[in-house]
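Convention: sequence-line order gives letters A, B, ...; per-chain numbering from 1.
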Amino acid sequence: MIDLQPVKGTRDFFPEDMRLRNWLFEIWRRTSVQAGFEEYDTCVLEHENLYIRKAGDEISKQLFSFEDKSGRRLALRPEMTPSLARLILQHNKSLSLPIKWFSIPQCFRYERMTKGRRREHFQWNADIIGQPDILAEAEILLLLISACESLGLTKKEFNIFISDRRIVNAILNQINVPNDLHSKVMVILDKRDKISSEALLDMLENLGMSEKQVGMLNDYLSNTDLKDLEKNLNDTTGVEQLNRLIDIMDAAGKSAYLKFDISIVRGLSYYTGAVFEVNSPDKKHRAICGGGRYDSLLSAFGGETVPAVGFGFGDVVALDVLRDLGRLPELPRKLDYTIIPFASEQVGIALKIAADLRMQGYVVDCNFSMKKMKKNIRHANESGAEKAILLFPEELTEDKVVIRDMILHEQKPVKITELISIAE
RNA sequence: GCGGGCGUAGCUCAGCUGGUAGAGCGCUGGAUUGUGAUUCCAGUGGUCGAGGGUUCAAGUCCCUUCGCUCGCCCCA
């Protein structure tokens, strides 16, 4: 006997699960398309070196990677952004920027599993490439908000916690932490909510910061007021940009979702500007979505600098949150018609009627089980059919079939030739 | 990486201090052969996660291993 379990950390989608997944994907897709984003995709397999980065990103350590038969180092993508960067670089000359693209890639990471975290998930990604202005952030955030609203979430249930890495950069500069340490400090700061403050101190000092610097950093970070920060910083670029973003969002009527939170830095080293996470207002859950500006990713891959903003939104956490809130939709199977013959001679006519109705755009199934009436009607009911077409020998001699309305419990004989026009 | 809990029918689980497996739900068939509910009857169901050990005898005790789950550590 083969092992019937799916590979550790991966999921099977039975039709019932698939309906839910499609429901979610359709919301993501519709929201994206409505906001003028175009869909793209790449292969789940990439060269491993696409993900090898210097700054100690955890994601590089958790690759699902292997060697192919010719010795190439390959990896299943752990995230979509590097692949997107690869596409942009590849067609750099022929793309007219800015562009707005989205994708719903399946991503993999090899790691120990905990709640809400598997080795495989789907992650809606939306990005704006080539727009240096903070308008790109605004547009991305508005897309995100409309998706959350379409999922049925309200202000009480989600906020966007936002900061700007340039604020932390300004702080680090002010306390004389060298530039080349900044992204490593960010990776550590990203853990602020998840590990003890002692462990955090240790990690920062191991990186080369003095005890005094760590203390000063902590003082700055404990300040949660944007205006105070602005007064205390020499370089106020980050604060100004963030204020402008909040103003724009305010004008768009959606600033109520935004919460400044200096502890948001994100764990990926390629972020350069605004960074944000979506979470419940009390930050109870794992963030369901995270993103930001990554103007240096493309240049890190050897191209020229291209400004970019985007986010990733995972299906596992999204559905967990909706499940906890009791907001998962009921998605029963649906059929417009089910056609029930009672003898093998009627199979041909059943298929003919089915084909005609399908040509009209209806969802039609046939029940060839040749069981008793009772079983068939019950089965029709369970399959979600609105109408059943019963092929009785007696009516068929007059070229008629019986249409039963499964909802009204009413039925009547109808000429086969009239069936299509009645169906309309 | 370290602990705790769990793994018995398709699903949810019961099975006391060792004596060769049970319920509910589901599924299949039937209760005037052309009609959805409820009810009733019957049937289908399991090498007790896997491997080894102790014993006359193991679902039950011991060891190993795999999987799920919850903490901690680690980390998106």
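- Atom CE in A:Met370 sits about 19 Å away from atom C1' in B:G29, given to the nearest Å.
- The ring pair (Phe, Tyr, Trp, His ring centres under 6.0 Å) check on A:Tyr110 picks up A:Phe64, with sequence neighbours excluded.
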> Reading RNA chain B 5' to 3', how would its secondary structure be written in dot-bracket notation, given Watson-Crick and G-U pairs with both distances under 3.5 Å, brackets [ ] for crossing pairs and | for partners on other strands?
Replying inline: (((((((..((((........)))).(((((.......))))).....(((((.......))))))))))))....

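- For the pair A:Lys8 and A:Ile377, nearest-nucleotide mapping onto RNA chain B gives the more 5' position to A:Ile377.
- Using P as the reference atom, B:G51 and B:U47 are 12 Å apart when rounded to the nearest Å.
- Considering A:Arg72, A:Arg77, A:Arg86 as possible partners of A:Glu46, the one that fulfils the salt bridge (Lys or Arg N to Asp or Glu O under 4.0 Å) test is A:Arg86.
- Taking atom P in both B:C63 and B:C6, the straight-line distance is 14 Å, to the nearest Å.
- Taking the side-chain hydrogen bond (donor to acceptor under 3.5 Å, both in side chains) definition, one finds that A:Arg266 meets it with A:Glu277, sequence neighbours left out.
- Remark: A:Asn22 pairs with no residue by the side-chain hydrogen bond (donor to acceptor under 3.5 Å, both in side chains) rule, at least two apart or across chains.
- Using a 4.0 Å heavy-atom criterion, one finds that A:His379 contacts no nucleic acid atom at all.
- Below the 3.5 angstrom threshold, one finds a donor paired with an acceptor across the side chain of A:Arg404 and the base of B:U35.
- Nucleotide B:C11 holds its P atom 10 Å from the CZ atom of A:Phe14, rounded to whole Å.
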Side-chain polar contacts of residues 398-408 of chain A - donor-acceptor pairs under 3.5 angstrom, sequence neighbours left out - could you list them?
unit_1	atom_1	unit_2	atom_2	d
A:Arg404	NH1	A:Gln411	OE1	2.8
A:Asp405	OD1	A:Ile407	N	2.8
A:Asp405	OD1	A:Leu408	N	2.8

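- Only the P atoms considered, B:G36 is 27 Å distant from B:U44, to the nearest whole Å.
- By the 6.0 Å and 45° rule, A:Arg165 does not stack over the aromatic ring of A:Tyr271.
- Nucleotides B:G7 and B:A76 are separated by 30 Å at their C1' atoms, to the nearest Å.
- Side chain of A:Met373, nearest nucleotide from B:U35, B:A76, B:G30: B:U35.
- A salt bridge links A:Arg327 and A:Glu157; the closest N-O separation between the charged side-chain nitrogens and carboxylate oxygens is under 4.0 Å.
- Of all nucleotides listed (B:C75, B:G30, B:U69), B:U69 comes nearest to the side chain of A:Arg118.
- For the pair A:Glu382 CD and B:U28 P, the interatomic distance rounds to 9 Å; values are reported in whole Å.
- Nearest-nucleotide positions on RNA chain B place A:Lys372 closer to the 5' end than the other of A:Lys372 and A:Asn279.
- Side chain A:Arg266 to base B:A76: a donor-acceptor pair is found below 3.5 Å.
- Distance NZ (A:Lys375) to P (B:A31): 10 Å, rounded to an integer number of Å.
- The closest side-chain donor-acceptor pair between A:Gln62 and A:Tyr51, if any, does not fall under 3.5 angstrom.
- Residues satisfying the ring pair (Phe, Tyr, Trp, His ring centres under 6.0 Å) test with A:Phe37, not counting sequence neighbours, are none.
- At the heavy-atom level, A:Ala380 lies nowhere under 4.0 Å from the strands shown.
- One atom, CZ of A:Phe313, and another, C1' of B:A76, lie 16 Å apart when rounded to the nearest Å.
- The same atom, C1', is picked in B:C72 and in B:C13; the two are 30 Å apart, to the nearest Å.
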Extract all donor-acceptor atom pairs below 3.5 Å that involve side chains of residues 122-143 of chain A and protein atoms in other chains or at least two apart in sequence.
unit_1	atom_1	unit_2	atom_2	d
A:Gln123	OE1	A:Asn125	ND2	3.2
A:Trp124	NE1	A:Ser32	OG	3.0
A:Asn125	ND2	A:Gln123	O	2.9
A:Asp127	OD2	A:Tyr294	OH	2.5
A:Gln131	OE1	A:Asp133	N	3.0
A:Asp133	OD1	A:Arg244	NH1	3.3
A:Asp133	OD2	A:Leu135	N	2.8
A:Asp133	OD2	A:Arg244	NH1	3.4
A:Asp133	OD2	A:Arg244	NH2	3.3
A:Glu137	OE1	A:Arg293	NE	3.4
A:Glu137	OE1	A:Arg293	NH2	2.8
A:Glu137	OE2	A:Arg293	NE	2.6
A:Glu139	OE2	A:Lys100	NZ	2.3

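- Dashed line: the shortest gap from a side-chain N or O of A:Arg378 to OP1 or OP2 of B:U35 is not under 4.0 Å.
- For A:Glu16, there are no side-chain hydrogen bond (donor to acceptor under 3.5 Å, both in side chains) partners at least two apart in sequence or on another chain.
- Separation of the C1' atoms belonging to B:U39 and B:G34 is 22 Å when rounded to the nearest angstrom.
- Comparing the same atom, C1', in B:G3 and in B:C74 gives a spacing of 15 Å after rounding to whole Å.
- B:U65 and B:G45: their P atoms are spaced 36 Å apart (whole Å).
- Partners of A:Phe161 under the ring pair (Phe, Tyr, Trp, His ring centres under 6.0 Å) rule, at least two apart in sequence or in another chain, do not exist in this structure.
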> Passes side-chain hydrogen bond (donor to acceptor under 3.5 Å, both in side chains), A:Glu48 versus A:Ser65? Steps please.
Replying inline: CA-CA 7 Å; A:Glu48 186 182 38; A:Ser65 60; 3.2 Å; yes

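- Rounding to whole angstrom units, CE of residue A:Met406 and C1' of B:A37 are separated by 12 Å.
- Put simply, CD on A:Glu16 is 12 Å from C1' on B:C11, counting in whole angstrom units.
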Check nucleotides 39-41 of chain B against the protein and report each pair of N or O atoms closer than 3.5 Å, with its distance, or say if there are none.
none

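- For A:Phe161 and B:A76, the CZ to P distance is 19 Å, given to the nearest whole Å.
- Looking at residues two or more places apart in sequence or on another chain, you find no side-chain hydrogen bond (donor to acceptor under 3.5 Å, both in side chains) involving A:Gln346.
- Within residues 389-400 of chain A, the residues that place at least one heavy atom under 4.0 Å from RNA chain B are, in residue-number order, A:Phe392, A:Glu394, A:Glu395.
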